[in-house]
Amino acid sequence: MTAAAIEVRQLVVERGGRTVLDGLDLTIPRGRITGLLGPSGCGKSTLIRSLVGVQIVKSGTVDVLGEPGGSAVNRRRVGYVTQGSSVYDDLTVAQNLAYFAAIYGVEQERVDEVLRSVDLADRRDQLTRSLSGGQRARVSLAAALLASPDVYLLDEPTVGLDPVLRRDLWRLFTDLASAGATLLVSSHVMDEADRCDEVLLMREGRLIAQDTPAGLRAATGTQDIESAFLALATGGGR
Ligand SMILES: Nc1ncnc2c1ncn2[C@@H]1O[C@H](COP(=O)(O)OP(=O)(O)OP(=O)(O)O)[C@@H](O)[C@H]1O
């Protein structure tokens with residue numbers, strides 16, 4: 001077993017005839033929250049898709065928990081939440097989770113526990129189609145939580161959520177990491193970086209920095225991650 005949760009070497013991905021990941025190298029430690037930040041279109045979702053094994057890669061290697069991205073043994077060990085909702089509109093919240101619980105072979109008790117952890121226990125009998133965007137996003141997250149995966153790949157999980165819900169979700173992420181899980185959380189909201197143990201900054205398909213939030217600020221002489229990103233993207237900083 002390798003010490004790192006995720007190792008990516010010389011990853012090249014082309015989409016629509018363009019190179020969108022351009023020789024990416026990165027290592028993500030276990031049991032930590034790593035933020036994946038960068039402007040819209042820089043390749044965050046494409047990287048996460050490569051880790052899950054749903055993206056055709058041109059060259060390079062991707063290992064998650066010591067196995068190639070998308071390998072069958074990782075199906076229960078890796079939880080993936082996409083930007084779009086991945087639950088059934090015409091089922092209630094509880095029915096959706098019961099369906100995923102049956103697939104993962106987990107008990108009803110776990111469904112109740114997960115519903116409480118995403119603060120949806122009082123919505124359990126509501127049809128998913130009638131939920132707000134943020135509530136639907138939390139149903140998708142709940143489905144991923146059911147199997148208690150070792151690695152969570154979360155593609156912009158807080159987009160469209162109000163500040164209170166964002167704070168609560170980040171608390172949940174911190175609890176998951178404290179319990180030993182590895183989280184890779186993408187966002188284009190730079191202020192979310194401060195909630196991460198370490199941050200990967202991407203630009204145009206390349207990694208421009210990997211450091212703690214404090215390390216990024218110190219290296220660029222800036223006060224916030226947005227300024228640090230701008231300093232790095234324009235050739236300032238280190
Ligand atoms: N289905 C597709 N076909 C062709 N090109 C695509 C496709 N999906 C994404 N791309 C391109 O790949 C590049 C990377 O997209 P990706 O979705 O990985 O970026 P992102 O950083 O996740 O952006 P966002 O923050 O807006 O979600 C972009 O230039 C995008 O236009």
Side-chain angles (χ1 to χ4, degrees), residues 4-30 32-64 69-70 78-84 151-160 166 170 173 177 182-238:
I6 294 170
E7 286 195 84
V8 172
R9 294 286 166 262
Q10 286 300 300
L11 178 63
V12 178
V13 173
E14 290 181 351
R15 295 182 89 173
R18 288 184 51 238
T19 301
V20 299
L21 295 181
D22 194 8
L24 211 56
D25 276 305
L26 55 91
T27 301
I28 294 175
R30 291 177 190 249
R32 313 277 293 278
I33 304 179
T34 300
L36 180 59
L37 289 128
S40 181
C42 72
K44 303 181 296 294
S45 300
T46 304
L47 171 59
I48 292 178
R49 285 167 52 85
S50 305
L51 298 173
V52 186
V54 297
Q55 178 65 55
I56 294 172
V57 307
K58 187 174 180 214
S59 58
T61 59
V62 172
D63 285 319
V64 180
V78 177
Y80 172 41
V81 181
T82 61
Q83 273 180 42
V151 173
Y152 289 86
L153 303 174
L154 308 177
D155 200 353
E156 307 227 10
T158 60
V159 80
R166 281 211 301 161
W170 277 100
F173 299 162
T182 301
L183 289 88
L184 180 64
V185 184
S186 81
S187 178
H188 58 257
V189 183
M190 297 284 178
D191 67 7
E192 297 208 309
D194 274 317
R195 302 178 184 274
C196 303
D197 298 307
E198 197 167 64
V199 178
L200 304 173
L201 283 185
M202 281 183 73
R203 180 177 179 248
E204 294 177 1
R206 289 171 180 270
L207 191 65
I208 58 170
Q210 176 168 9
D211 205 339
T212 61
L216 282 173
R217 283 193 292 264
T220 52
T222 55
Q223 299 299 315
D224 58 86
I225 301 299
E226 187 133 14
S227 307
F229 176 82
L230 289 170
L232 290 161
T234 55
R238 52 181 116 174

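All residue numbers refer to positions in the sequence shown, counting from 1.
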Asks: When you compare the side chain of P29 with that of T34, does any pair of heavy atoms fall below 4.5 Å?
Replies: yes

Asks: Has the side chain of K44 got a donor or acceptor atom that lies under 3.5 Å from a matching backbone atom of G38?
Replies: yes

Asks: Sequence neighbours excluded, which residues qualify as ring-ring contact (aromatic ring centres under 6.0 Å, His included) partners of F173?
Replies: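 Expected list: W170.
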
Asks: Is the closest basic N to carboxylate O distance between R9 and E7 below 4.0 Å?
Replies: yes

Asks: Excluding sequence neighbours, so at least two apart, what forms side chain to side chain donor-acceptor pair (under 3.5 Å) with E156?
Replies: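 With sequence neighbours excluded, E156 shows a side chain to side chain donor-acceptor pair (under 3.5 Å) to H188, given in chain and number order.
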
Asks: With T158, which of R195, R166, E192 fulfils side chain to side chain donor-acceptor pair (under 3.5 Å)?
Replies: E192

Asks: What residues, two or more places apart in sequence or in another chain, satisfy side-chain contact (heavy atoms from CB on, under 4.5 Å) together with S59?
Replies: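 side-chain contact (heavy atoms from CB on, under 4.5 Å) list for S59, sorted by chain: V12.
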
Asks: Tell me whether R217 is salt-bridged to D194, with the criterion being a basic N under 4.0 Å from an acidic carboxylate O.
Replies: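 Between D194 and R217 there is a salt bridge, with a charged N closer than 4.0 Å to a carboxylate O.
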
Asks: Kindly say whether I6 contributes a backbone atom to a donor-acceptor pair with the side chain of D63 at under 3.5 angstrom?
Replies: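 Not a single qualifying donor-acceptor pair exists.
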
Asks: Do L21 and M202 make a side-chain contact, defined as non-hydrogen atoms from C-beta onward lying under 4.5 Å apart?
Replies: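 Yes; the side chains approach each other to less than 4.5 Å.
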
Asks: Compare every heavy atom of V62 with every heavy atom of S50, then report the nearest pair and how far apart it is.
Replies: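 Scanning both residues completely, I find the closest heavy atoms to be O-CG1, 3.8 Å.
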
Asks: Is it true that a side-chain atom of D197 and a backbone atom of I33 form a donor plus acceptor pair closer than 3.5 Å?
Replies: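 The answer is yes, because a donor-acceptor pair under 3.5 Å joins these two groups.
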
Asks: Can you tell me if T212 uses its side chain to pair, donor with acceptor, with the backbone of G215 under 3.5 Å?
Replies: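 Such a contact is found between T212 side chain and G215 backbone.
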
Asks: Going by salt bridge (Lys or Arg N to Asp or Glu O under 4.0 Å), name the residues that satisfy it together with E226, two or more places apart in sequence or in a different chain.
Replies: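 Partners of E226 under the salt bridge (Lys or Arg N to Asp or Glu O under 4.0 Å) test: none.
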
Asks: Let me know which of L154, V185, L153 forms a side chain to side chain contact (heavy atoms under 4.5 Å, CB included) with I48.
Replies: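 In the set L154, V185, L153, the residue that makes a side chain to side chain contact (heavy atoms under 4.5 Å, CB included) with I48 is L153.
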
Asks: Using side chain to side chain donor-acceptor pair (under 3.5 Å) as the criterion, list what pairs up with R32, not counting sequence neighbours.
Replies: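 Applying side chain to side chain donor-acceptor pair (under 3.5 Å) to R32 gives none.
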
Asks: If the condition is salt bridge (Lys or Arg N to Asp or Glu O under 4.0 Å), which residues does R49 pass it with, not counting sequence neighbours?
Replies: none

Asks: With no hydrogens and no angle check, is any side-chain donor or acceptor of S227 less than 3.5 Å from a backbone partner on Q223?
Replies: no

Asks: Applying the side chain to side chain contact (heavy atoms under 4.5 Å, CB included) criterion to L200, which one of I28, L37, L24 satisfies it?
Replies: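 Result: among I28, L37, L24, I28 is the only option passing the side chain to side chain contact (heavy atoms under 4.5 Å, CB included) with L200.
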
